[in-house]
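Report on the structure given below.
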Amino acid sequence: MDTERHFRIDLHVHTKRYSPCAETLDPEELGEEMVRKGLSGLVLSEHDEMWSKEEVRELTGPFSDAIKIYRGVEISSCDGHFVVIGLNDLAGLQPGVSIEKIIAVAQLQNAAVILAHPQRNVKKTCGGAGQVHWPSGINAVEVMSTLTKNENEIVAREIAAKSNWSMVAGSDAHSLANVGATYTVFDQFPENEKELARMIISGRGLARRRKP
Ligand SMILES: [Zn+2]
Ligand SMILES: [Zn+2]
């Protein structure tokens, strides 16, 4: 990858606007925090809620094109949590939906499906104990976040290699301090979430941990 052109994008961030568990993360503070930490972009991936385009535009307004905030969602499926990027809306994707349904909707809209925090994704409610066989159509796995232990990265990378998924990272931040702690580097700055999804699907990102 060309080291001169790299864009750090945190693929997994919660805020207090739509994730009650992120009560200290005020989205109004995100822009400055991104600039301070050298993040080019981040994805708002609230639990089962999506920001409107207008809301995001308001948030990034003062920063012109220096940073981009993309719309995503973390879906609480009955097969665990999945971060989906590139959806137009959440039609048909209510909490408790199956991963097969998520994949079907995502493929119609060219959205990327990312298995979040694989080691924590064990509380299945849609039949059987722990998932052993994932359906095809999952594009990537989150190999690092602030909610997973560092040693879990090895296991996550093994899962990715076995399943032929690309490896990405997002912070899963629920507080401002954690934004950008882990992120994915791309060699191009995606114009919008559809383009970001395309880059994730084609495996063009590299998972990275922010140096302390
Ligand atoms: Zn989660
Ligand atoms: Zn999350």
Side-chain angles (χ1 to χ4, degrees), residues 8-27 29-30 33-34 37 39 41-51 55-56 59 69-87 90 93-99 101-103 105-106 111-126 130-131 134 138-150 152-153 155-156 159-160 163 165-184 193 196-197 200 205 207-210:
R8 299 170 179 178
I9 302 180
D10 185 339
L11 298 181
H12 189 164
V13 174
H14 296 273
T15 79
K16 70 178 182 186
R17 187 161 313 174
Y18 291 116
S19 296
C21 49
E23 59 186 3
T24 66
L25 206 165
D26 181 353
E29 295 178 288
L30 279 175
E33 186 76 356
M34 290 169 71
K37 289 178 172 168
L39 276 184
L42 68 74
V43 178
L44 295 167
S45 54
E46 314 274 21
H47 296 289
D48 304 296
E49 285 282 355
M50 265 176 87
W51 283 57
E55 285 177 301
V56 172
L59 213 56
I69 295 184
Y70 307 95
R71 302 187 315 140
V73 61
E74 180 170 15
I75 299 173
S76 312
S77 84
C78 64
D79 292 300
H81 287 186
F82 291 86
V83 172
V84 186
I85 299 169
L87 290 172
L90 287 176
L93 296 176
Q94 68 288 352
V97 67
S98 70
I99 179 55
K101 174 74 178 177
I102 293 175
I103 290 168
V105 173
V113 179
I114 302 166
L115 172 62
H117 43 69
Q119 285 79 16
R120 291 163 56 98
N121 251 340
V122 289
K123 264 191 268 155
K124 277 172 57 63
T125 53
C126 49
Q131 179 95 40
W134 293 107
I138 295 170
N139 306 113
V141 60
E142 183 181 81
V143 295
M144 310 171 192
S145 77
T146 57
L147 289 191
T148 48
K149 298 192 188 101
N150 288 7
N152 289 345
E153 183 185 332
V155 181
I159 295 171
S163 311
W165 296 333
S166 62
M167 299 175 223
V168 296
S171 64
D172 208 350
H174 285 68
S175 67
L176 203 60
N178 280 343
V179 170
T182 65
Y183 52 85
T184 307
E193 48 251 20
L196 175 58
I200 293 167
R208 288 284 179 266
R209 205 179 292 279
R210 183 179 150 87

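Every number for a ligand or one of its atoms is a count from 1 in the order of the listing. These numbers were taken from a predicted model, which means no experiment stands behind them.
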Quiz item: What's the NE2-the Zn ion (ligand 2)-NE2 angle here (His14, His12), rounded to 10 degrees?
Solution: 100°
Quiz item: Taking the six-membered ring for Trp, are Trp51 and Tyr18 parallel (under 30°), tilted (30 to 60°) or perpendicular (over 60°)?
Solution: perpendicular
Practice problem: Write the atom name of the N, O or S atom in His81 that is nearest the Zn ion (ligand 1). | Solution: ND1
Practice problem: State, yes or no, whether a side-chain contact exists between Asp48 and Ile75 at a heavy-atom distance under 4.5 Å. | Solution: yes
Quiz prompt | Phe82-Trp165 aromatic ring centre distance below 6.0 Å | solution = no
Exercise. Could you confirm whether His117 has any N/O/S atom lying under 2.8 Å from the Zn ion (ligand 1)?
Key: yes
Self-check item: Donor-acceptor side-chain pairing of Glu153 and Thr148 below 3.5 angstrom
Solution: no
Quiz prompt | Apex the Zn ion (ligand 2) - arms OD1 from Asp172 and OE1 from Glu74 - angle rounded to 10° | solution = 170°
